[in-house]
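Quick caveat, the model's predicted, so the values are computed rather than measured. These values consider heavy atoms only, across backbone and side chains, with no hydrogens, waters or symmetry-generated copies.
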Amino acid sequence: MNEARIDKWLWAARIFKTRSMAADACKNGRVTMGGVNVKPSRTIKVGDTVSVRKPPITYSFKVLKAIEMRVGAKLLSEVYENVTTPDQYELLEMTRISGFIDRARGTGRPTKKERRSLDAFLIEDDEFFDMDDDFLDEE
């Protein structure tokens, strides 16, 4: 077999756990070939390069064998070659180290560091501006 559906290949090559997850990734624009989003029914052949975005990084695979039946993990080296750039793996390592890189600043509960700086700001603000004294002056 020299061609395979991309959703079946992604599942067979163990890049996604289920075929439906692979198809959903294609539909949601997380799978590209040559910078173009692909549909789940797109056929791939030997030599194609497939990019899969699994936040926070984008993996790239060169197709060595077009398969549609799942193979054992030991045989994956015959199915694809991982051509992901080293800077993507550095980004993955930075994400693991930092822990909260996915959380947008200012959303959710404050971190311990943010809470301490917030408390320090409020204490300074209370010393600078005392509400009770200001209301007494107006009367």
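Scanning for side-chain contact (heavy atoms from CB on, under 4.5 Å) contacts around Arg116 gives Lys112, with sequence neighbours left out. In this structure Ala12 satisfies the side-chain contact (heavy atoms from CB on, under 4.5 Å) test together with Ile67, sequence neighbours excluded. In this view, Ser41 satisfies the side chain to side chain donor-acceptor pair (under 3.5 Å) rule with no residue, not counting sequence neighbours. For the salt bridge (charged side-chain N to carboxylate O under 4.0 Å, His left out) test, residues two or more places apart in sequence or in another chain that qualify with Arg5 are Asp7. For Ser77, there are no side-chain contact (heavy atoms from CB on, under 4.5 Å) partners, not counting sequence neighbours.
Every pair tested for ring-ring contact (aromatic ring centres under 6.0 Å, His included) that includes a residue from residues 32-53 fails, sequence neighbours excluded, so the list is empty. The stretch residues 78-89 participates, sequence neighbours left out, in these salt bridge (charged side-chain N to carboxylate O under 4.0 Å, His left out) pairs: Lys65-Glu78. Each side-chain hydrogen bond (donor to acceptor under 3.5 Å, both in side chains) pair with one or both residues in residues 21-35, not counting sequence neighbours, would appear here, but there are none. For residues 22-52, no residue pair satisfies the ring-ring contact (aromatic ring centres under 6.0 Å, His included) rule, not counting sequence neighbours. For residues 14-41, no residue pair satisfies the ring-ring contact (aromatic ring centres under 6.0 Å, His included) rule, not counting sequence neighbours.
In plain terms, the two heavy atoms of Ile6 and Lys39 that are nearest each other are CG2-O, 3.4 Å.
Rounded to the nearest 0.5 Å, atoms CG (Leu10) and NZ (Lys17) are 16.0 Å apart. Atom CE of Met21 is separated from atom CH2 of Trp11 by 13.5 Å, given to the nearest 0.5 angstrom. Glu114 contributes atom CD, which lies 12.0 Å from atom CZ of Arg109 (distance to the nearest 0.5 angstrom). The line from CG of Leu91 to OH of Tyr89 is 12.0 Å long, rounded to the nearest 0.5 Å.
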- Take Tyr80 and Val63, measure what side chain to side chain contact (heavy atoms under 4.5 Å, CB included) needs, and give me the verdict at the end. CA-CA 5 Å; Tyr80 65 80; Val63 179; 5.8 Å; no
- Task: Start with the C-alpha gap between Arg42 and Val31, add the side-chain angles, then the distance that decides, and say whether side chain to side chain contact (heavy atoms under 4.5 Å, CB included) holds.
- Result: CA-CA 11 Å; Arg42 168 77 185 264; Val31 179; over 6 Å; no
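No donor-acceptor distance shorter than 3.5 angstrom exists from the side chain of Gln88 to the backbone of Thr85, with no hydrogens or angles considered. With hydrogens and angles disregarded, a donor-acceptor distance shorter than 3.5 Å links the side chain of Arg14 to the backbone of Val71.
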Which donor-acceptor pairs under 3.5 Å do side chains of residues 46-61 form with protein atoms, sequence neighbours excluded?
from	atom 1	to	atom 2	distance (Å)
Asp48	OD2	Lys45	N	2.9
Lys54	NZ	Ile15	O	2.5

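Side-chain atoms of Asn37 and Cys26, non-hydrogen and from C-beta on, never get closer than 4.5 Å to each other.
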